[in-house]
J.: 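Once you've had a glance at the structure underneath, I'll fire off some questions.
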Amino acid sequence: MKKLINGVDTVLSESLDGFCAAHADIVTLGEERKFVRRATLTPGKVALVSGGGSGHEPLHAGFVGHGMLDAACPGQVFTSPTPDQMLAAAAAVEQGGGVLFIVKNYEGDVMNFEMAAEMASGEVMTVVTNDDVAVENSDFSTGRRGVAGTLIVEKVVGAAAEAGADLAACKALGDRVNARTRSMGIALTSCTVPAAGKPTFTLAEDEMEMGVGIHGEPGRRRVKLMPAAGIAAELIEAIAGDLGAEARGDAILLVNGFGGTPAMELYVMYENARAELEKRGVRIARSLVGTYVTSLEMAGCSLTVTMLDEEIARHWDAPVHTAALRWKM
Amino acid sequence: MKKLINGVDTVLSESLDGFCAAHADIVTLGEERKFVRRATLTPGKVALVSGGGSGHEPLHAGFVGHGMLDAACPGQVFTSPTPDQMLAAAAAVEQGGGVLFIVKNYEGDVMNFEMAAEMASGEVMTVVTNDDVAVENSDFSTGRRGVAGTLIVEKVVGAAAEAGADLAACKALGDRVNARTRSMGIALTSCTVPAAGKPTFTLAEDEMEMGVGIHGEPGRRRVKLMPAAGIAAELIEAIAGDLGAEARGDAILLVNGFGGTPAMELYVMYENARAELEKRGVRIARSLVGTYVTSLEMAGCSLTVTMLDEEIARHWDAPVHTAALRWKM
Amino acid sequence: MAMTDVGEAAITALATAMAEAMFAHAGELTDLDQAIGDGDHGLNMKRGFEAVMAELPAIAAKPLPEALKAAGMQLVMKVGGASGPLYGTLFMTLGKEIGPAPDRQELAAALAAAIAAVKARGKSDTGQKTMLDVLAPVQAALAAGASIGEIRAVAGEAADATVPMRATKGRASFLGERSIGHMDPGARSSQLLVEAVCGVLGGGR
Amino acid sequence: MAMTDVGEAAITALATAMAEAMFAHAGELTDLDQAIGDGDHGLNMKRGFEAVMAELPAIAAKPLPEALKAAGMQLVMKVGGASGPLYGTLFMTLGKEIGPAPDRQELAAALAAAIAAVKARGKSDTGQKTMLDVLAPVQAALAAGASIGEIRAVAGEAADATVPMRATKGRASFLGERSIGHMDPGARSSQLLVEAVCGVLGGGR
Ligand SMILES: Nc1ncnc2c1ncn2[C@@H]1O[C@H](COP(=O)(O)OP(=O)(O)O)[C@@H](O)[C@H]1O
Ligand SMILES: Nc1ncnc2c1ncn2[C@@H]1O[C@H](COP(=O)(O)OP(=O)(O)O)[C@@H](O)[C@H]1O
Ligand SMILES: [Mg+2]
Ligand SMILES: [Mg+2]
Ligand SMILES: [Mg+2]
Ligand SMILES: [Mg+2]
């Protein structure tokens with residue numbers, strides 16, 4: 001395992017310390033590193049709290065700030081954070097408008113946030129994201145995973161909360177954005193969980209994992225490495241197929257790198273995905289290309305499509321000032 | 001070689017097409033893909049043109065836009081662009097204020113920009129960046145390489161040009177920022193040039209390259225993998241040692257990923273570098289942590305320190321709106 | 001089984017045996033989880049039982065019900081992942097349902113209630129290739145009067161029986177057919193915990 | 001050597017031979033450049049001579065001086081890297097200095113001027129482990145009246161002689177001592193170009 005760390009026991013704490021020091025104008029680290037919160041809170045606003053296992057940086061702490069989250073709870077690498085973290089975060093950022101948990105659909109995350117919601121003193125609602133269409137037979141599993149689409153939910157609901165939407169409205173909007181969002185990804189190489197010290201899976205030099213999860217979970221199947229056009233076609237087929245009749249009109253296209261794939265390749269994927277979507281009558285009205293929801297140093301990428309309407313587009317365009325996403329301020 | 005591409009001959013063109021489509025609000029692709037230019041130009045302003053071999057994305061095209069470059073010329077992967085590109089770019093963006101070339105110090109880049117400057121019709125000046133202290137005996141070589149510090153030069157001079165500085169002032173400022181900037185990096189893995197099809201170098205599972213260049217050029221020496229603290233200490237020692245007495249007061253600290261290293265590790269490096277610098281009486285007044293000046297998918301990072309003064313800090317803080325760096329607008 | 005109060009020494013022995021089992025098998029559990037999950041189960045259980053051990057003097061000083069609740073709360077608050085809330089719920093519910101000096105019947109009833117609480121928390125049931133596929137047969141054997149040796153054997157067979165199962169809960173469910181042929185890591189950790197308890201109660205292996 | 005005008009057929013033969021040498025050895029040049037540079041020299045030269053070949057009918061139709069300038073401009077505009085401006089300058093200067101029907105002396109003088117232009121462009125000199133370490137001895141042999149076979153031998157020995165050199169120009173200079181023990185890629189490409197020309201002029205290898 002080759003990583004820029006001092007040890008597997010300190011990687012998380014040092015990384016959080018560094019993150020909060022580098023972005024001290026935006027964020028503050030909570031006690032015992034239980035959460036990362038905005039440096040400045042807005043009285044009365046609904047407080048958005050997310051979190052999940054670490055290793056997906058910049059998700060979620062990189063999206064704490066004006067126009068997005070109020071706090072993020074970092075778990076151990078690939079392990080859900082614990083209810084004490086969520087309780088501490090909620091207590092720190094709740095400003096009288098209630099708390100909205102934004103949770104990626106993994107049993108660990110869902111159960112831990114659920115326990116926190118049960119134990120919390122104030123009003124709490126929860127949006128669970130589940131945009132990963134790689135999981136085909138969701139009746140026979142715990143359902144679709146929440147992946148890169150979570151960032152779009154956080155951005156859009158964050159803007160609505162900033163604009164004064166109340167807790168129920170934020171929850172409804174979050175559910176609506178999630179329902180209009182689909183993702184799927186592929187991996188070229190494995191990630192290595194620091195504490196495990198060895199790759200989570202192995203792929204031959206000519207293989208890729210189609211439909212991989214952001215923890216390196218296996219996807220639909222292992223296939224021979226394909227050209228970018230073929231990968232884009234299969235991912236967009238899965239996404240558009242699942243959206244069905246909704247896949248018409250304006251969309252956000254997010255091409256998300258998993259950590260080890262450079263921008264050059266992401267833009268190649270963007271170009272191929274764009275062509276596929278336009279063939280199907282989807283117009284790319286907004287684009288985001290970069291490394292946002294990662295799986296440590298895994299090479300690969302995911303495509304995410306969110307079907308826009310006027311409200312979602314307006315909130316997407318609204319100012320945002322976080323460590324990893326910033327515009328108009 | 002595992003890359004998200006359709007072929008080694010189309011990777012660059014597709015990537016540029018994707019980049020310009022994804023950021024059509026900011027940039028436009030020049031004819032025959034010779035350059036990427038701002039979508040909107042400012043009459044009278046000094047035109048900043050940079051460029052270099054591809055494979056360092058987002059450098060340079062990702063820094064085209066308000067407050068930074070007017071145009072960037074992408075060469076083949078790791079190969080300087082050619083004079084026809086620079087001539088076409090200069091002609092497209094020159095607005096009456098003359099043209100400033102910003103060139104990383106590699107013989108190929110320097111000579112190609114030099115030939116373009118000789119052939120150009122209008123007024124041209126050139127800033128050559130050479131911030132890489134890994135090159136110790138610069139008397140016996142072609143001198144220090146221009147690496148991640150180039151982004152700081154582009155940002156600061158870009159802001160000055162936006163504020164109305166004339167060509168000579170921009171050139172002088174660029175030289176001054178470069179003179180106050182030092183970088184050094186390390187690699188954990190090699191990159192693979194698409195057309196070459198195999199890694200540029202090989203490192204054993206327990207080795208790293210100390211002082212690596214952004215083309216995978218060998219550095220000072222090959223050493224055993226060190227903890228982050230040791231790496232930060234050696235890099236900062238080289239940087240601060242070279243700055244000498246200037247290494248006092250406020251600085252920008254840029255922790256730059258080479259393409260294959262995830263944010264978690266970059267923030268660990270930031271934390272360790274920050275501690276080293278503060279021990280030496282350097283105060284980190286501005287921070288930038290991310291993947292900005294890359295070497296394809298190489299794992300590793302570089303540290304860059306720029307000693308600030310009021311003018312440089314003011315231009316650093318000024319609004320910028322490019323694909324890869326954006327604030328206050 | 002204990003008919004007098006389960007005291008400090010017994011609680012310490014039980015907790016220590018469980019913790020040591022988790023520490024000793026952390027690598028194995030992680031390997032199992034790498035095959036069909038996300039490769040952290042061993043680390044999660046280790047972290048949780050480290051937290052329990054750190055609090056052990058305080059925990060063991062309490063009456064059994066309170067000790068179980070406190071240990072469960074440690075697991076909830078420190079493990080994270082899916083297994084944290086589930087094992088936490090298991091121990092906290094055991095603590096709620098049990099008296100300070102349980103006999104076999106009381107223990108069997110409390111374990112049944114705890115398993116039901118896990119099912120509610122996990123929206124899951126037996127047959128889905130999870131820890132429940134070990135916990136439920138162990139509870140049944142306990143209720144049916146099985147000896148410690150028999151219970152230990154039931155736990156081992158039950159863990160083995162998860163190998164051919166297809167997961168429909170937990171991360172392994174994302175694998176569909178491909179989850180077949182691997183032992184469920186949570187089933188294995190449950191088996192190890194049962195074995196640890198049996199070891200203390202039966203005196204050695 | 002030609003005393004009448006170098007015509008279309010000869011220019012075509014010379015350019016084709018040089019291009020084919022670059023195509024055939026692109027992998028080898030890239031390997032050499034991977035050892036002490038950035039691994040693109042073969043690709044660069046291939047791209048440059050592809051551009052020359054694409055324009056060959058137009059180039060070969062020109063008188064020799066114009067043909068050399070046009071080929072040099074193709075190299076400048078298409079190769080990129082360090083070798084583009086350098087080989088481009090070499091051919092463009094040759095074109096400027098040479099007549100349409102050069103004899104040996106004229107060719108030697110033009111090559112001397114072209115080498116001087118390369119040195120000026122590259123701020124370099126012989127002994128720095130670059131293409132100059134092949135070009136300069138080849139020019140000297142040419143000026144001294146060496147036979148084609150002798151010139152070919154000189155080029156080969158000169159390329160070999162770069163192996164023990166320490167680079168002080170080009171990317172290899174960043175390696176310092178570590179540049180020793182590898183042939184310079186630009187020296188090798190110069191040798192190959194010289195060999196190609198010798199092959200055409202001398203009729204075969
Ligand atoms: N819904 C559920 N009901 C019961 N047990 C479950 C459920 N989900 C997961 N498990 C158990 O938890 C184990 C995985 O735990 P762990 O790896 O620690 O958490 P995570 O899956 O979040 O990484 C599985 O092997 C399985 O036995
Ligand atoms: N300053 C120089 N003077 C003469 N030759 C040089 C100089 N710099 C580089 N070269 C030659 O160019 C070769 C490298 O060319 P190439 O790999 O195409 O360019 P780059 O180094 O930009 O990648 C070297 O092997 C060397 O022979
Ligand atoms: Mg987990
Ligand atoms: Mg090159
Ligand atoms: Mg797990
Ligand atoms: Mg080269």
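Numbers restart at 1 for each chain; the letters A, B, ... are given by sequence-line order, proteins then strands.
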J.: Taking atom CG as the centre, does A:Asp9 end up with more than 12 heavy-atom neighbours from other residues, nucleotides or ligands that are less than 6.0 angstrom away?
T.: no
J.: So A:Lys2 and B:Glu205, do their side chains get closer than 4.5 Å, heavy atoms only?
T.: yes
J.: Before you tell me yes or no, could you show the steps for B:Leu266 and A:Glu57 under side-chain contact (heavy atoms from CB on, under 4.5 Å), namely the whole-Å CA-CA distance, both residues' side-chain angles and the distance that decides it to 0.1 Å?
T.: CA-CA 11 Å; B:Leu266 296 182; A:Glu57 292 68 30; over 6 Å; no
J.: Let me confirm one number: the CD-CZ distance from A:Glu271 to B:Phe19, rounded to the nearest 0.5 Å.
T.: 13.0 Å
J.: Tell me, for B:Leu12 versus chain A, whether the close heavy atoms (under 4.5 Å) come from the side chain, the backbone, both or neither.
T.: side chain
J.: Heavy-atom distance under 4.5 Å to chain A: side chain of B:Ile231, backbone, both or neither?
T.: side chain
J.: Is any side-chain heavy atom of A:Glu265 less than 4.5 Å from a side-chain heavy atom of B:Glu14?
T.: no
J.: If you apply the rule side-chain contact (heavy atoms from CB on, under 4.5 Å), what do you find for B:Met264 with A:Ser54, and how did you get there?
T.: CA-CA 9 Å; B:Met264 180 184 280; A:Ser54 293; 4.0 Å; yes
J.: Mind checking the CZ-NE2 spacing from A:Arg326 to B:His321? Nearest 0.5 Å is all I need.
T.: 12.5 Å
J.: Looking only at heavy atoms, what is the nearest atom pair of A:Gly260 and B:Glu297, with distance?
T.: O-CB, 3.8 Å
J.: Side chain, backbone, both or neither: which part of A:Leu225 has a heavy atom under 4.5 Å from chain B?
T.: side chain
J.: Which answer fits A:Val11, side chain, backbone, both or neither, if we ask what part of it has an atom under 4.5 Å from a heavy atom of chain B?
T.: both
J.: Mind checking the CE-CG spacing from B:Met208 to A:Leu4? Nearest 0.5 Å is all I need.
T.: 7.5 Å
J.: Looking at A:Ala22, A:Cys301, A:Ala263, A:Ser287, which makes the most heavy-atom pairs under 4.5 Å with chain B?
T.: A:Ala22
J.: Can you tell me which of A:Ala273, A:Gly259, A:Gly62 forms the most heavy-atom pairs within a distance under 4.5 Å of chain B?
T.: A:Gly259
J.: How many angstroms lie between CZ in A:Arg286 and CG in B:Asp25, if you round to the nearest 0.5 Å?
T.: 9.5 Å
J.: Can you tell me which portion of B:Val77 sits under 4.5 Å from chain A's heavy atoms? Options are side chain, backbone, both or neither.
T.: side chain
J.: Among the options B:Ser13, B:Gly290, B:Ala228, pick out the one with the most heavy-atom pairs lying under 4.5 Å from chain A.
T.: B:Ala228
J.: Which bit of A:Leu203 is near chain B, if near means a heavy-atom gap under 4.5 Å: side chain, backbone, both or neither?
T.: both
J.: Please classify the contact between A:Arg274 and chain B as side chain, backbone, both or neither, with a heavy-atom cut-off of under 4.5 Å.
T.: side chain
J.: Against chain B, label A:Leu16 side chain, backbone, both or neither, depending on which of its atoms sit under 4.5 Å from a heavy atom there.
T.: neither
J.: I want to know whether B:His23 and A:Tyr267 have ring centres closer than 6.0 Å.
T.: yes
J.: So do the side chains of A:Asp17 and B:Val268 get within less than 4.5 Å of each other, counting heavy atoms only?
T.: no
J.: Check each atom of A:Ala204 against the heavy atoms of chain B and say whether the ones under 4.5 Å are side chain, backbone, both or neither.
T.: backbone
J.: Is there a side-chain contact between A:Asn6 and B:Asn272 in this structure, where contact means two heavy atoms from C-beta onward sitting under 4.5 Å apart?
T.: yes
